[in-house]
Amino acid sequence: MGIRIAKSRSLCFSLFCFLVLVCCHPCGGKVTKLVQEVCAKTSNYSFCVESLYSDPHAAEADAYWLADIAFRLAYVNATSTQNHILELLKKSTSGDYRGRLQRCGSDYKKAVSAIEMGLNDLNSESFDLLAGYADHAAHAASDCQSAFEGSPNSPLTYMNNAFKGLCEICVVISKLFTDPNSFDFSLL
Ligand SMILES: *[C@@H]1O[C@H](CO)[C@@H](O)[C@H](O)[C@H]1NC(C)=O
Ligand SMILES: *[C@@H]1O[C@H](CO)[C@@H](O)[C@H](O)[C@H]1NC(C)=O
């Protein structure tokens with residue numbers, strides 16, 4: 001009898017812990033209407049929410065702040081991918097593989113500078129070209145992806161997709177400023 005009570009108590013406790021975890025986890029907790037609105041317009045809602053909420057300020061961010069978060073995430077991602085490509089280049093000897101990596105290296109150089117220009121524009125609160133910069137950066141990642149077409153090993157597929165996903169979030173957020181009518185602010 002005593003054992004049974006102890007068991008059900010520990011079950012209750014586990015359930016309690018589970019609920020606490022779910023409620024305190026950023027993705028289990030409340031996703032702001034703004035983030036919902038933005039992420040619903042991207043091709044992968046959960047990727048979008050997870051990415052934005054990887055910044056602890058996402059839950060309190062207004063549109064401007066959220067744009068800053070998204071462009072910064074893309075910037076960090078692009079520069080670390082760029083560094084990863086440099087590391088791969090150091091190790092690679094085969095001419096064909098090297099050529100493909102070099103093309104990706106120059107793609108990500110363009111991507112980094114496009115995102116940088118986006119951050120500068122955000123800083124000076126000029127929004128007109130933001131979506132274009134993010135789109136340009138996404139195209140650079142697509143070009144890197146096609147550099148490995150027909151190659152059995154494409155070491156950058158995961159990173160290209162992740163970066164394109166982040167750029168897509170930037171594009172959608174940029175439209176909050178230039179095309180606000182496409183958002184349903186009655187939800188906010
Ligand atoms: C969406 O993103 C998640 C990661 O957040 C990934 O596991 C999933 O495969 C993606 N879905 C699609 C359809 O790409
Ligand atoms: C880029 O972002 C994705 C998604 O947030 C993450 O999984 C990946 O590790 C990041 N890559 C780099 C190189 O930072």
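When a ligand or atom number is given, it counts from 1 through the structure's own listing order.
Between Tyr158 and ligand 2 there is a heavy-atom distance shorter than 4.0 Å.
With hydrogens left out, the protein atom closest to atom 4 (C) of ligand 2 is Phe47 CE1, 3.6 Å, a heavy atom. From the protein, the heavy atom lying nearest to atom 5 (O) of ligand 1 is Glu50 OE1, 3.1 Å. For atom 13 (C) of ligand 2, the nearest protein heavy atom (residue, atom name, distance) is Ser80 OG, 3.0 Å. Considering only non-hydrogen protein atoms, atom 2 (O) of ligand 2 sits nearest to Asn77 ND2, 2.2 Å.
A donor-acceptor contact shorter than 3.5 Å is absent between the side chain of Gln82 and the backbone of Gly105. A donor-acceptor contact shorter than 3.5 Å is absent between the side chain of Ser126 and the backbone of Leu122. Distance alone, capped at 3.5 Å, places no donor-acceptor pair between the Asp55 side chain and the Ile69 backbone.
For the side-chain contact (heavy atoms from CB on, under 4.5 Å) with Cys48, the lone residue among Val35, Leu166, Ile173, Ile169 that qualifies is Ile169.
In this pair, Tyr64 and Phe127 present their aromatic rings perpendicular. The plane angle is above 60°, beyond the 30 to 60° band.
Relative to the ring axis of Phe183, Lys41 places its NZ or CZ within 45° and under 6.0 Å from the centre.
Using a 4.0 Å threshold on non-hydrogen atoms, atom 9 (O) of ligand 1 does not count as touching the protein.
Comparing heavy-atom distances from atom 14 (O) of ligand 1 across Val49, Thr42, Asn161, Asn44 singles out Asn44 as nearest.
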